[in-house]
> 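Can you keep this structure in mind? I'll have questions shortly.
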Amino acid sequence: MPDVDLKPCPFCGSEARFTCWINPYKDRYGVTCISDDCGVSIFAGLTKEEAAKRWNRRAGRMQGISKLVRAGFEALGAGKKALHGADRR
């Protein structure tokens with residue numbers, strides 16, 4: 001099976017990885033964002049190629065929304081870091 005590239009998460013920009021659900025009939029693949037702050041996951045298809053195709057598809061209107069959500073995650077992360085830094089003092 002050839003290597004299949006995944007685009008970054010459309011919501012937070014983090015890397016993504018394949019997941020596999022094993023069952024007696026047919027393995028099924030999905031894609032999950034690796035960020036603990038995001039963790040979006042999709043069930044995508046019967047093959048890695050099908051899962052990648054669905055994950056990598058980006059709707060035009062979603063790109064603007066994704067930028068807003070990404071900015072929100074960045075602000076949340078900055079707030080968490082500040083909060084945890086204050087706890088250590």
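Count residues from 1 along the sequence. Note that the structure is a prediction, hence the values are computed from the model and not measured. As a basis for the values below, the full set of heavy atoms in this structure was taken, side chains included, without hydrogen atoms, waters or symmetry mates.
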> Holding to salt bridge (Lys or Arg N to Asp or Glu O under 4.0 Å), I want the full list of residues that pass it with Arg17, two or more places apart in sequence or in another chain.
none
> Looking only at heavy atoms, what is the nearest atom pair of Lys7 and Asn56, with distance?
N-OD1, 2.6 Å
> Enter the distance from Glu15:CD to Cys9:SG here, rounded to the nearest 0.5 Å.
11.5 Å
> Is it the case that atom NZ in Lys53 sees more than 12 heavy atoms from other parts of the structure closer than 6.0 Å?
no
> Does some side-chain heavy atom of Cys33 sit less than 4.5 Å from a side-chain heavy atom of Cys12?
yes
> Report the distance from atom SG of Cys20 to atom CG of Asp27, rounding to the nearest 0.5 Å.
4.0 Å
> Could I get the full list of salt bridge (Lys or Arg N to Asp or Glu O under 4.0 Å) partners for Glu50, not counting sequence neighbours?
Arg54
> Do you know the tightest heavy-atom contact between Trp21 and Ile42?
CH2-O, 4.0 Å
> Side chain to side chain contact (heavy atoms under 4.5 Å, CB included) for Phe18 and Val31? Distances and angles first, verdict last.
CA-CA 4 Å; Phe18 287 104; Val31 180; 4.1 Å; yes
> How long is the gap from CZ on Arg28 to OG1 on Thr19, to the nearest 0.5 Å?
13.0 Å
> Does any N or O in the side chain of Trp55 come within less than 3.5 Å of the main-chain N or O of Leu6, such that one atom is a donor and the other an acceptor?
no
